[in-house]
Amino acid sequence: MIILDGKKLSKKIEDSVKSDVLVLKEQTGRTPGLAVVLVGNDEASQAYVNMKKKACDRVGFYSITHEMPETISQDAIEQTITMMNDNPNIDGILIQLPLPPQINTNRLLELVSPAKDVDGFHPYNVGRLTTGLDGFVPCTPLGVMELFKEYNIDLKGKNCVVVGASNIVGKPMASLLLNADATVEITHIYTKNLKEHTLKADIILVGVGVINLIKEDMVKDDAIIIDIGINRAPNGKLVGDVDYENVASKCSYITPVPGGVGPMTISMLLANTLKSAKLSKKD
Ligand code: NAD
């Protein structure tokens, strides 16, 4: 069994982003810029934004966080996004989800300029992904694809079962796998007898948010397991959606939590922001 080391790969990607930033600065005098919208006091959201900001600092990006109260209006957030769309120092705009219930999230995601949509959530970029065109791809599934590349895992013809069908994880993950010529099945909370599906999988990719959802008897020998879930266990530890202790020995490859997909997500955000900065220099 081989552990897919996202921590190590993300460091490698960060180093490459960092040196590209220096070159870009030298050539154009400009630094890639990321703007984050953070609404309310959700602890997990604050922690994620903090990690993203630290990563920006490490690679030499300019970054700004627009912190807004839980009671903020739709109009006020829209004004901020419009301002960032027009700001030439900003290459990437990220709206930290989830947002409070009074906010229409989809309307905000559609307001972000597709050219600065480094999270890849705008329908324009979603459409480009599903048609196999270049664009911005959501960071978490993109990070998984980088792991496959790093470990020379060929996806062509593989039976992949994606568990979880959200717009930010499962659906874009499925599109990327399909674009890589895998055979893809998407499962979700209403899927009947999940085990029947996962047992057929060469690769299981799970991003659900349920501790120990994927158990030993749901995985065939030598399967590849990508655990995208992040959960806080009752003992305070971070765990994924896979019963790692009992599943790992059956697999050919597996991602740990923490240290697997999580760090890759952050480095893909950096890579997407750098890509946007490079593209905008060509205008
Ligand atoms: P979500 O709530 O938007 O979607 C969850 C999906 O899981 C839904 O499609 C739902 O139908 C499915 N689901 C729920 N219970 C299920 C069950 N018992 N069996 C099968 N399917 C089930 O969540 P999300 O935003 O997509 O996040 C999912 C998980 O991925 C969470 O644990 C989140 O913390 C994690 N996540 C990790 C990263 C990362 O960087 N590693 C990034 C984003 C999300």
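Both ligands and their constituent atoms are indexed starting at 1 by order of listing.
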**Request:** Identify, for atom 42 (C) of ligand 1, the protein heavy atom at the shortest distance, and state residue, atom and that distance.
**Result:** Thr140 OG1, 3.2 Å
**Request:** Look at atom 41 (N) of ligand 1 and find which of Val208, Ile228, Leu194 reaches it with the closest heavy atom.
**Result:** Ile228
**Message:** Heavy-atom count check: over 12 atoms from other residues, nucleotides or ligands less than 6.0 Å from Lys158 NZ?
**Reply:** yes
**Fill in**
Going by the 4.0 angstrom heavy-atom rule, the piece of Ile230 near ligand 1 is both
**Asked** Which atoms of ligand 1 sit under 4.0 Å from any heavy atom of Gly207?
**Response** 28 (C), 29 (C)
**Message:** Keeping His122 on the side-chain end and Pro114 on the backbone end, is there a donor-acceptor pair under 3.5 Å?
**Reply:** no
**Asked** Does the Thr130 side chain pair with the main chain of Val126, one donor and one acceptor, at a distance under 3.5 Å?
**Response** yes
**Request:** Give a yes or no on whether the backbone of Lys7 and the side-chain of Ser10 come within a donor-acceptor separation of less than 3.5 Å.
**Result:** yes
**Message:** Under 4.0 Å and counting heavy atoms only, is there anything from the protein next to atom 2 (O) of ligand 1?
**Reply:** no
**Prompt:** Quick one: nearest non-hydrogen protein atom to atom 44 (C) of ligand 1, plus distance?
**Reply:** Val169 CG2, 3.8 Å
**Fill in**
Here the gap from Asn159 atom CG to Ile204 atom CD1, rounded to the nearest 0.5 Å, amounts to 11.0 Å
**Prompt:** For ligand 1, which part of Ile168 has a heavy atom less than 4.0 Å away: the side chain, the backbone, both, or neither?
**Reply:** side chain
**Complete:** Under 4.0 Å between heavy atoms, the region of Leu213 that gets near ligand 1 turns out to be side chain
**Complete:** Result for side chain to side chain contact (heavy atoms under 4.5 Å, CB included) between Thr198 and one of Val163, Val219, Leu213 points to Val163
**Prompt:** Hey, which atoms in ligand 1 end up nearer than 4.0 Å to a heavy atom of His188?
**Reply:** 11 (O), 20 (C), 21 (N), 22 (C)
**Complete:** ligand 1 atoms nearer than 4.0 angstrom to some heavy atom of Gly209 are 29 (C), 31 (C), 32 (O)
**Asked** Leu22: which other cluster members, linking ILVMFWY side chains closer than 4.5 Å, directly or transitively?
**Response** none
**Prompt:** To which protein heavy atom is atom 9 (O) of ligand 1 closest, and what is the distance rounded to 0.1 Å?
**Reply:** Ala165 N, 2.7 Å
**Lys54 atom NZ, over 12 foreign heavy atoms within 6.0 Å** = no
**Request:** List every atom of ligand 1 that sits less than 4.0 Å from any heavy atom of Gly164, numbering the atoms from 1 in the order shown and giving each element.
**Result:** 6 (C), 7 (O), 9 (O), 12 (C)
**Prompt:** Out of Thr265, Ile211, Val261, who gets a non-hydrogen atom closest to atom 40 (O) of ligand 1?
**Reply:** Thr265
**Straight-line distance of Thr265 OG1 to Glu146 CD, nearest 0.5 Å** = 12.0 Å
**Asked** Between Lys156 and Ala180, is there a donor-acceptor pair closer than 3.5 Å when you use the side chain of the first and the backbone of the second?
**Response** no
**Message:** Residue-level breakdown please: for Ile189 versus ligand 1, do any non-hydrogen atoms fall below 4.0 Å on the side chain, on the backbone, on both, or on neither?
**Reply:** both
**Message:** Can you report which non-hydrogen protein atom sits closest to atom 24 (P) of ligand 1, along with the distance?
**Reply:** Ser166 OG, 3.8 Å
